[in-house]
S.K.: 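Dropping the structure in here first, questions after.
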Amino acid sequence: MSRRVQQPAMETSPPDLQDEDVLSGAGEGDEVMEEVEEQEGYTSSTPTSSLTWISWFCSLPGHDYFCEVAEDFIEDDFNLTGLNSMVPFWKEAMEMVLDVEPDEDSAKIIPDVSLVEASAELLYGLVHQRYILTRAGLQAMAEKYEAGVFGSCPRVYCMSCNVVPCGRSDLPGVDTVKLYCPNCNDIYIPPSSRFQGVDGAFFGTTFAHLFFQSYRELLPAPFWKPPSSSGSLSPSRSPRSVTGSNSSQGTTPFVNPNPHGGQKRAAGKVYVARIYGFKVNERAKCGPRMQWMRLRPESPEELDYVDWRGRWIDDEDDQYDDDEDGEAEEDRHMEDFDPDPAADDDDDDEEEEEEEEDVRGSRRGLEGVQADAYGRPQPPSGGSRVKVVRQLVSV
Amino acid sequence: MLRHAVEDASTGSDSDYSNSWISWFLSSKGNEYFCEVEEDYILDRFNLTGLNTEVEHYVQALDLITDNLDDEYLEELRGSLDIQARLLYGLIHARWIVTARGLQKMLEKYKKADFGRCPRVLCLSQPLLPVGLTDVPYEKSVKLYCGRCEDLYSPKSSRHGSIDGAYFGTSFPHLLFLVYPSLIPPKSGPSDLGRPPAANSAEEAAARRRVRQREELADGSGEGLGEGISTAAVALRADRYRPRIFGFQVNEIAKLQRWQEAVRDRQVARLEALENPP
């Protein structure tokens, strides 16, 4: 059924031209005689006939995140594979989305137009999920992204990094749309309740990440170096400035050595809780526990200090072991653990993998390196800094 | 808008003398984050030490917020005095909410989620607490602190986004959790205040065991009984969002997340070693 509807569009002019034909009411696309009737049927189903259903749908309040799916994408059956089993009143929904006048006989069968409207919305949403993964769809969403249509990250230290819509499931009816921030790699609830009715599946789980893989200049890099204490405005304070535009701030253009990674300077500051100006020590019950989640290494190489299982690679630990100063060791009860780095090599044994995570963790940690205020491994020279942190009062 | 507010204030106090300046201030739109500072606290000049240099027309502003201002001054200074009174109230408020009674008042508001809820999806609508980034007025607007992800968020509404952060101070939320350690939110599970979270089947067995221990200890512990709580390993329970493309993790992000989790594991190990000296 649906195929019959699509035929004229596929064989004649591009959809946008076709619409103009329709709106002028002339039915000029009559190169092929059998299709004249259906051509004339192309009128908008919405009251304001100057709009197509798609642009009307996208202009509804709460539908700001949707981009307009090209009609020829919807008309290509291949792109709809599998959807007809998910959408009730498939044919009618297709007709509504594509602004085709419904058949006389089918109109009687439908008990309620609102049912078709819901189906049309579902159909459009699911097609939209697929469309925004195509080159044209990504392009359309990139324009919306740069215009800030999706809003910015509510996290203070993401410095208003723009976000993209994202679903938590690819199946409809599971969860509403969320917003993904590429800077903190986290998802947020849209600030306005009008998005509470938008299904996350209409954007899908893949789009947000494929988007940033496709537009790497918009993706913040995974490492961040705190700006030097020269007092100048740090580059991270202007997250919108893309690579290369930093020259005004007197810094070198930002380069991520990983060509497949993010090419934008990240906003890497992490919040540190303070009471009367003193950092809350991690030894306190209410001490910081979650800074790791927002932390970035200072250089891209540091990412390689952790192996694929999420463990620190030995060499690094040993190196830091040597530089560890006595005072830090003292309060870590180092003497009860074998300080000999050679005893550590069992970490690479496959048998050890079964070992409980926490046991492994504690051994790692104790042999582990100096850490700065965030628990970030410090270069050897950072030892003195650690002492300072350790001495801070846990109020 | 300010003028409207001032008129409201004057008409309010004219028509209804039971309405104090403070209750008018608290009930006006946009001031939902503030709690009531007890009059005794304001009247004790010791608590106001140093504020006279911060606030112009200090004496009149103080009289205004304690409803002791002569009408002649009210006519004379109106607009500017209202601003100064707000500033003074805000600065007193910042000091008040870190006192025992102030913490309690803010705690009630926290339990009602008057400060909003965390926008982070995996924080499961954890109630937030207001915090400033500086204690100096006119520098930074108020931010919201989530005790679950321990991060800062901007208020959703611009009404709240324009409140001075110094009216809450940098210490308040952290002091609250220091005083009431049993109120430190769980890192996963429902955000129901004070109630221990249900065990999440998806968690690592080791993490679950640790947290269960913690919960047993936390159960029935009120104020001052937080000694038994261990928060060393709570970070292991935190849920993370894992970006995926067609089901596959994104390389660079996965790498960063592994690194972050290694930092976390190291901290957990460090803290556990401190708690259980061999």
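Residue numbers begin at 1 in each chain, while the letters A, B, ... track the order of the sequences.
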S.K.: Do B:S171 and A:R274 meet the criterion of a side-chain donor-acceptor pair at a distance under 3.5 Å?
M.R.: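 Result is no, nothing qualifies.
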
S.K.: Do the numbers put B:R266 on top of the ring of A:W312, so that NZ or CZ is under 6.0 Å from the six-membered ring centre and no more than 45° off the axis?
M.R.: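 Judged by the rule (NZ or CZ under 6.0 Å from the ring centre, within 45° of its axis), B:R266 counts as positioned above A:W312.
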
S.K.: Need one label for A:L133: side chain, backbone, both or neither, based on atoms under 4.5 Å from any heavy atom in chain B.
M.R.: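 A:L133 touches chain B through side-chain heavy atoms alone.
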
S.K.: Under a 4.5 Å heavy-atom cut-off, does chain A meet the side chain of B:Y145, its backbone, both or neither?
M.R.: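 Side chain only.
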
S.K.: Identify which of A:S192, A:A273, A:C181 forms the greatest number of heavy-atom pairs closer than 4.5 Å to chain B.
M.R.: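 Among the listed options, the one with the most contacts to chain B is A:A273.
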
S.K.: Checking the side chain of B:Q267 only, and the main-chain atoms of A:P288 only, is there a donor and an acceptor separated by less than 3.5 Å?
M.R.: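 Yes: the side chain of B:Q267 pairs with the backbone of A:P288.
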
S.K.: At what distance, to the nearest 0.5 angstrom, does CD1 of B:I245 lie from OG1 of A:T206?
M.R.: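 Spacing of CD1 (B:I245) from OG1 (A:T206) equals 7.0 Å.
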
S.K.: Do side-chain atoms of B:T231 reach the backbone of A:K285 as a donor and acceptor pair under 3.5 angstrom?
M.R.: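 Present.
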
S.K.: I need the residue from A:N258, A:V306, A:I187 with the largest number of non-hydrogen atom pairs under 4.5 Å to chain B.
M.R.: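 Of the candidates given, the most pairs with chain B belong to A:I187.
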
S.K.: Would you call B:W259 and A:L295 a side-chain contact if the rule is heavy atoms closer than 4.5 Å?
M.R.: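 Of all side-chain heavy-atom pairs linking A:L295 with B:W259, at least one is under 4.5 Å.
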
S.K.: A:M293 versus B:C149: any side-chain heavy-atom pair under 4.5 Å?
M.R.: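 Side-chain contact under 4.5 Å: yes.
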
S.K.: Which atoms form the tightest heavy-atom contact between A:Y271 and B:E150, and what is the distance?
M.R.: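 Taking A:Y271 first and B:E150 second, the nearest heavy atoms are CD2-O, 4.2 Å.
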
S.K.: Please identify, among B:K156, B:K255, B:E252, B:K143, the residue contributing the most non-hydrogen atom pairs under 4.5 Å to chain A.
M.R.: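 Top option by heavy-atom pairs under 4.5 Å: B:E252.
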
S.K.: Can you tell which of A:K269, A:R289, A:R155 makes a salt bridge (Lys or Arg N to Asp or Glu O under 4.0 Å) with B:D151?
M.R.: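 Answer to the salt bridge (Lys or Arg N to Asp or Glu O under 4.0 Å) test with B:D151 among A:K269, A:R289, A:R155: A:R155.
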
S.K.: Testing the basics here: between B:L256 and A:P222, what is the closest heavy-atom pair and its distance to 0.1 Å?
M.R.: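 Heavy-atom minimum between the residues: CD1-O, 3.4 Å.
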
S.K.: Quick one: of A:Y157, A:Y180, A:F207, who has the most non-hydrogen atom pairs under 4.5 Å with chain B?
M.R.: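 Result: the option with the highest number of such pairs is A:Y180.
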
S.K.: For residues B:L175 and A:Y276, determine if any side-chain heavy atom of one lies less than 4.5 Å from a side-chain heavy atom of the other.
M.R.: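 Yes - at least one pair of side-chain heavy atoms lies under 4.5 Å apart.
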
S.K.: Could you state the interatomic distance from CZ (A:R283) to CZ (B:R270), rounded to the nearest 0.5 Å?
M.R.: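 It comes to 10.0 Å.
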
S.K.: Would you give the length of the straight line joining atom CZ of B:F246 to atom CG of A:D170, rounded to the nearest 0.5 angstrom?
M.R.: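 Going from CZ on B:F246 over to CG on A:D170, the span is 9.0 Å.
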
S.K.: Among the options B:D135, B:V121, B:L122, pick out the one with the most heavy-atom pairs lying under 4.5 Å from chain A.
M.R.: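 Among the listed options, the one with the most contacts to chain A is B:V121.
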
S.K.: Please classify the contact between A:C166 and chain B as side chain, backbone, both or neither, with a heavy-atom cut-off of under 4.5 Å.
M.R.: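 Contact with chain B involves the side chain of A:C166 alone.
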
S.K.: Please classify the contact between B:L133 and chain A as side chain, backbone, both or neither, with a heavy-atom cut-off of under 4.5 Å.
M.R.: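 B:L133 touches chain A through side-chain heavy atoms alone.
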
S.K.: Given the options B:E275, B:Q257, B:R244, B:E261, which has more heavy-atom pairs under 4.5 Å with chain A than any of the others?
M.R.: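 Max contact count across the listed options: B:R244.
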
S.K.: Checking A:M290 against B:K187 for the side-chain contact (heavy atoms from CB on, under 4.5 Å) test, could you report, in this order, the C-alpha distance in whole Å, the side-chain angles of both residues, the deciding distance, and whether it holds?
M.R.: CA-CA 9 Å; A:M290 296 298 287; B:K187 297 301 177 201; 3.8 Å; yes

S.K.: Rounded to the nearest 0.5 Å, how far apart are CG of B:L271 and CD of A:E282?
M.R.: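 Here the rounded value is 4.5 Å.
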
S.K.: I'd like to verify something: which residue of A:D186, A:L179, A:L219 has the highest number of heavy-atom pairs under 4.5 Å with chain B?
M.R.: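 So the answer, after comparing A:D186, A:L179, A:L219, is A:D186.
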
S.K.: How many angstroms lie between atom CD1 of B:I253 and atom NE2 of A:H209, to the nearest 0.5 angstrom?
M.R.: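 Answer rounded to 0.5 Å: 6.5 Å.
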
S.K.: Considering non-hydrogen atoms only, spot the tightest contact between B:P119 and A:P154 and give its length.
M.R.: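 For B:P119 and A:P154, the tightest heavy-atom pair comes out as CG-CG, 3.7 Å.
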
S.K.: Which bit of A:N256 is near chain B, if near means a heavy-atom gap under 4.5 Å: side chain, backbone, both or neither?
M.R.: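 The side chain, not the backbone.
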
S.K.: Could you look at B:R242 and say if it's the side chain, the backbone, both or neither that has a heavy atom under 4.5 Å from chain A?
M.R.: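 Neither part, no heavy atoms under 4.5 Å.
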
S.K.: Give the minimum heavy-atom separation between B:L178 and A:C286, together with the two atoms involved.
M.R.: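 Closest approach of B:L178 to A:C286, heavy atoms only: CD1-SG, 3.3 Å.
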
S.K.: Using heavy-atom distances under 4.5 Å, tell me whether B:A232 contacts chain A through its side chain, its backbone, both, or neither.
M.R.: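 Looking at B:A232, just its backbone touches chain A.
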
S.K.: Heavy-atom count check: over 12 atoms from other residues, nucleotides or ligands less than 6.0 Å from A:K225 NZ?
M.R.: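 12 or below, so no.
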
